[in-house]
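Beneath this line is the structure, given in structure tokens, with notes to follow.
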Amino acid sequence: MQSDLISAKYAVRQIKNVHIPMSDGIFLSASLLMPEGEGRFPAILEYTPYRKDDVSIGMAAPHYYFAERGFVGVLVDIRGTGKSQGTIHDEYTPQEQKDACEVIDWLSQQPWCNGNVGMWGTSYGGFNSIQVAMYDPPALKAIVPHAATDDRYNDDVHYFGGCMMGIDLLIYPLSMIAMNALPPHPESTDTDRTSIWRQRLEGNPPWMIEWLRHQTEDEYWHQGSLKVDYGRIKCPVYQIGGWADGYTNATARMMQNLKVPNKALIGPWSHVRPDRGYPGPSVNYLHEMARWWAYWLRGEDTGIMQEPRIALYIQEGAPPDPFLRHMPGHWHFMDAWPSDSVSEKTFYLGSNDRLYVTPETGAGVDTYQYRASVGLAGGFWCPATRPHGLSWDQSIDDARSCIYTSEPLTEPMEILGWPKVLLYVSSTAEIAYFVAKVSDVAPDGSTRLVSRGLLNATHRYSHSQPKSLTPGKVYELEIPMKVTSWVFQPGHRIRVAISSSDFPTIWPSPQPATNTILRGSNSPSCIVLPLVEHPYPSLPEVTFQSPVPLQSYANYQGEQPSWQVGKDIVSGLTTVTLNNGYSMQLPDGSYSLASNSYVGMAASDEPPDQAYIKGHAKYTVLHQREQIDVASYATIKSTASDFNVDIELRVDIDHETFFQRHWVETIPRFFV
């Protein structure tokens with residue numbers, strides 16, 4: 001997508017340690033990337049807890065790109081993080097959002113600003129772009145959330161289909177315990193640095209404890225969830241998402257429900273920005289954002305609002321490679337979601353492990369044992385960079401699931417939207433999960449996961465008021481699956497796999513179970529696919545620019561990561577372990593930071609209640625011969641009735657203990 005108006009015209013200077021005053025007397029720390037030139041410029045805000053001056057120093061690169069094109073890039077550390085004062089008690093709090101409104105107001109009143117502010121970010125920064133826009137601050141004129149959610153309970157790293165998340169529940173919050181305990185970057189004054197650090201060490205609790213206290217969808221999760229009222233967004237929205245990302249459901253829902261001018265770009269990418277994500281193709285998303293900002297913040301006609309509202313990458317099938325470099329496919333453009341070209345195509349679960357286009361006459365049953373370790377080949381709920389990958393060949397899980405496979409297709413079959421599975425089931429347990437996966441089976445037998453969905457059957461009526469199952473009673477369940485685009489090619493087959501676990505994506509349910517699927521005309525269990533009926537509406541095709549090199553702010557070196565799956569034959573435990581690490585150094589060599597992390601999760605088929613997850617995250621800072629080590633350690637173990645949480649934070653200066661804190665809590669399980 002081209003625009004001569006959006007080109008690099010300005011030299012850029014960076015201003016660090018800008019203190020933005022809050023109404024309660026503290027300040028938030030900002031860095032500004034300023035165009036060198038006359039006039040007043042719009043501000044573009046990115047607002048995260050990820051430490052703009054060291055851990056995430058590379059976040060300045062997109063803002064440098066914006067500043068070259070006549071915008072002031074603004075990076076702000078959230079209260080209680082980085083160089084900002086105060087404490088952070090949880091993610092996405094009302095205080096955080098109100099602070100952002102004050103930041104936006106302050107930016108709009110600066111002499112270099114034209115009064116207009118945009119807000120954007122990836123993941124956390126995308127979340128709070130949505131949440132802050134819900135407050136409708138007057139100067140906020142447009143937002144660009146990337147890889148973000150409108151539903152904090154159902155589409156984030158906490159709960160999924162009423163089930164508690166597994167390995168993702170620890171990876172992110174464990175790193176944040178340690179990151180939030182780091183001292184401010186030494187560019188701060190000594191007085192500020194010491195007082196800020198002391199305050200956050202004493203006041204920043206582990207976020208995951210609060211998440212475990214809220215196991216159902218309640219007001220805690222509604223706070224900050226746009227799905228409660230889409231009408232709260234008053235400014236234009238440009239969403240960016242990826243089919244392999246964990247947050248694509250939210251992108252699709254917002255396309256469907258927003259009442260303001262909005263656009264969407266969905267590629268094949270994982271939880272990584274589109275200029276460097278996998279699978280490819282990658283695009284210069286910053287160019288599209290700059291066109292968006294120029295239109296809404298400067299009033300320039302860049303042509304972006306005359307182009308189709310939605311750009312989707314249609315995935316044309318790929319082998320089951322967890323680090324696929326390129327997804328075959330093509331871009332498709334449309335103005336409406338869901339597309340008018342989509343209708344429902346139903347396949348019925350039948351005998352002989354088959355899918356049929358009509359239900360078999362009478363009744364049939366398939367019975368399977370719940371095995372808590374099924375799901376290993378599913379990859380990660382939200383894959384990002386290595387070692388967090390996509391799914392691999394589903395054979396290892398299909399062998400321990402009930403599978404139903406179609407005849408080979410004689411022509412391409414394209415789906416676009418939300419598949420769903422309708423099941424008639426019973427269980428011998430009072431708490432049972434049902435997991436559905438739809439896969440693409442190639443002629444050589446390799447099986448690629450296309451979409452997954454799951455439901456804690458105690459949440460069959462509501463995520464807020466679960467009810468036990470009656471053993472032996474038949475229930476009709478509707479299991480929504482993740483939104484997707486996929487083309488099943490001729491000669492390929494469609495497969496549905498049903499189980500009761502998706503380890504390590506979700507925490508195993510606590511009770512052993514024998515589960516039964518009823519099928520046939522009396523109990524027509526089926527999968528409903530969003531089938532694309534051609535032809536598509538004819539809309540102009542547009543072309544994206546290729547990624548461009550960005551300004552470098554540090555020298556990075558990554559360690560070799562690992563993603564291992566193992567089975568202890570003696571204990572019966574199946575384990576998944578991740579190791580990752582990197583180091584960064586400022587170009588002048590004055591400051592360096594290293595990070596390494598480990599997370600391991602284990603589950604047992606017998607008994608399934610005794611699962612655990614444990615790990616550590618460590619940051620090491622070197623500056624002027626002083627070494628600071630900050631490490632967090634956490635273990636969550638389950639029993640049939642409880643989650644036992646043990647978290648430790650340790651801070652060392654030059655190998656001597658400076659600070660320690662320990663949290664131990666037992667939290668009752670509530671239908672999970």
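All residue numbers refer to positions in the sequence shown, counting from 1.
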- Return the minimal non-hydrogen interatomic distance between G166 and I613, and the atom names on each side. O-CD1, 3.6 Å
- Check whether more than 12 heavy atoms from other residues, nucleotides or ligands sit under 6.0 Å from atom NZ of K614, and answer yes or no. no
- Task: Taking the side chain as every heavy atom from C-beta outward, state whether F380 and L390 have any pair of such atoms under 4.5 Å apart.
- Result: no
- Search all heavy atoms of M119 against all heavy atoms of A100 and return the closest pair with its distance. CE-CB, 4.5 Å
- Do V237 and P145 come close enough that some side-chain heavy atom pair is under 4.5 Å? yes
- Starting at OG of S583, measure out to CD of E559 and round the result to the nearest 0.5 Å. 7.0 Å
- Donor-acceptor pair, D502 side chain versus T505 backbone, under 3.5 Å? no
- How many angstroms lie between OG1 in T48 and CE in M59, if you round to the nearest 0.5 Å? 3.5 Å
- Message: Can a side-chain donor-acceptor contact be found between R400 and S373 if the only test is distance below 3.5 angstrom?
- Response: yes
- Would a line drawn from the ring center of H271 to the ring center of Y247 be shorter than 6.0 Å? yes
- Message: Are the side chains of R452 and V435 in contact, using a 4.5 Å heavy-atom criterion?
- Response: no
- What class does the angle between the rings of F71 and F66 fall in, given that below 30° is parallel, 30 to 60° is tilted and above 60° is perpendicular? perpendicular
- Message: Test side-chain hydrogen bond (donor to acceptor under 3.5 Å, both in side chains) on D54 and Y591; report intermediate values, then the result.
- Response: CA-CA 9 Å; D54 48 26; Y591 183 91; 2.6 Å; yes
- Query: Which residues satisfy the salt bridge (Lys or Arg N to Asp or Glu O under 4.0 Å) test with R273, sequence neighbours excluded?
  - Reply: E46
- Query: So, D440 versus W486: side-chain donor-acceptor pair below 3.5 Å or not?
  - Reply: yes
- Query: Within the side chain of T149, is there an N or O that forms a donor-acceptor pair under 3.5 Å with the backbone of D155?
  - Reply: yes
- If we only count heavy atoms from C-beta on, is the T575 to V565 side-chain gap below 4.5 Å? no
- Just by distance, with hydrogens left out, do R200 and N180 show a side-chain donor and acceptor under 3.5 Å apart? no
- Taking atom types as modelled, find out whether W243 and T484 have a side-chain donor-acceptor pair closer than 3.5 angstrom. no
- Query: Do side-chain atoms of H388 reach the backbone of T385 as a donor and acceptor pair under 3.5 angstrom?
  - Reply: yes
- Message: Looking at F323, I'd like to know if the NZ or CZ of R386 sits under 6.0 Å from its six-membered ring centre while staying within 45 degrees of the ring's axis.
- Response: yes
- Message: Using modelled atom types and a 3.5 Å cut-off, is there a donor and acceptor pairing between side-chain atoms of T248 and backbone atoms of D245?
- Response: yes
- Separation between CZ of R276 and OG of S282, rounded to the nearest 0.5 Å: 11.0 Å
- Message: I'd like to know if the side chain of S84 and the backbone of S29 have a donor-acceptor N/O pair within less than 3.5 Å.
- Response: yes
- Closest non-hydrogen atom pair between A372 and P508, with its separation: CB-CB, 3.7 Å
- Measure the acute angle between the ring planes of W221 and H158, then classify it against the limits of 30° and 60° as parallel, tilted or perpendicular. tilted
- Do R69 and Y65 meet the cation-pi criteria used here (NZ or CZ under 6.0 Å from the six-membered ring centre, within 45° of the axis)? yes
- Kindly compute the distance separating CG (N154) from CG (N249), expressed to the nearest 0.5 Å. 9.5 Å
- Query: Between P383 and Y278, is any pair of side-chain heavy atoms under 4.5 Å apart?
  - Reply: yes
- Item | Audit row: K437, S401, side-chain hydrogen bond (donor to acceptor under 3.5 Å, both in side chains) steps and yes/no | CA-CA 10 Å; K437 296 182 178 179; S401 306; over 6 Å; no
- Shortest non-hydrogen pair, E96 vs E91, comes out as OE1-C, 4.1 Å
- Side-chain donor-acceptor pair under 3.5 Å between Y285 and D275, yes or no? no
- Using the ring of each side chain (for Trp, its six-membered ring), is Y153 parallel, tilted or perpendicular to H459, with breaks at 30° and 60°? parallel
- Query: Just by distance, do the side chain of W269 and the backbone of P281 share a donor-acceptor pair under 3.5 Å?
  - Reply: yes
- When rounded to the nearest 0.5 angstrom, what distance separates OG in S225 from CG in D156? 9.0 Å
- Message: Quick check: do P274 and H146 have side-chain heavy atoms less than 4.5 Å from each other?
- Response: yes
- Item | Close side-chain approach of I506 to W381, heavy-atom, < 4.5 Å | no
- Message: More than 12 heavy atoms of other residues, nucleotides or ligands under 6.0 Å from CD1 of I209: yes or no?
- Response: yes
- Check: G162 main-chain N/O paired with N456 side-chain donor or acceptor under 3.5 Å: yes
- Task: Taking only Lys NZ, Arg NE, NH1 and NH2, and the carboxylate oxygens of Asp or Glu, determine whether D393 and R448 approach each other closer than 4.0 Å.
- Result: no
- Note on the structure: When rounded to the nearest 0.5 Å, the distance separating CG of L454 from NZ of K482 is 13.0 Å
- State whether R79 and D99 are salt-bridged, where the test is any N-O pair (Lys NZ or Arg NE/NH1/NH2 against Asp/Glu carboxylate O) under 4.0 Å. yes
- Are the side chain of S31 and the backbone of K16 linked by a donor-acceptor contact shorter than 3.5 Å? no
- Does K637 come within less than 4.0 Å of D646, counting only side-chain N to carboxylate O? no
- Message: The test is side-chain hydrogen bond (donor to acceptor under 3.5 Å, both in side chains); show your working for Y598 and N580 and say whether it passes.
- Response: CA-CA 7 Å; Y598 156 83; N580 204 7; over 6 Å; no
- Task: Assess whether side-chain contact (heavy atoms from CB on, under 4.5 Å) is satisfied between F544 and L265, documenting all intermediate values.
- Result: CA-CA 11 Å; F544 295 107; L265 167 65; 3.5 Å; yes
- Query: Under a 4.5 Å cut-off applied to non-hydrogen side-chain atoms, are D629 and Y619 in contact?
  - Reply: no
- For the side chain of S592 and the backbone of M584, is there at least one donor-acceptor N/O pair under 3.5 Å apart? no
- Message: Assess whether a salt bridge exists between D77 and R51, defined as any Lys/Arg side-chain N lying under 4.0 Å from an Asp/Glu carboxylate O.
- Response: no
- Task: For the pair Y124 and W207, name the ring-plane relationship: parallel under 30°, tilted 30 to 60°, perpendicular over 60°.
- Result: tilted
- Note on the structure: For L45 and V76 the tightest heavy-atom approach is CD1-CG2, 3.6 Å
- Stepwise, does the salt bridge (charged side-chain N to carboxylate O under 4.0 Å, His left out) test hold for D151 with K227? CA-CA 6 Å; D151 185 346; K227 75 159 191 177; 3.3 Å; yes
- Write down the atom of A554, the atom of I57, and the distance for their closest heavy-atom approach. CB-CG2, 3.7 Å
- Message: Over 60° means perpendicular and under 30° means parallel, so tell me whether W331 and Y313 are parallel, tilted or perpendicular.
- Response: perpendicular
- Is R152 close enough and on-axis enough to Y220, meaning under 6.0 Å and within 45°, for cation-pi? yes
- Message: Treating Q14 as the side-chain partner and L33 as the backbone partner, does any N or O pair qualify as donor plus acceptor under 3.5 Å?
- Response: no
- Message: Could you work out, with salt bridge (Lys or Arg N to Asp or Glu O under 4.0 Å) as the rule, every residue matching E414, not counting sequence neighbours?
- Response: none
- Item | Under 3.5 Å side-chain donor-acceptor pair for S632 and K618 | no
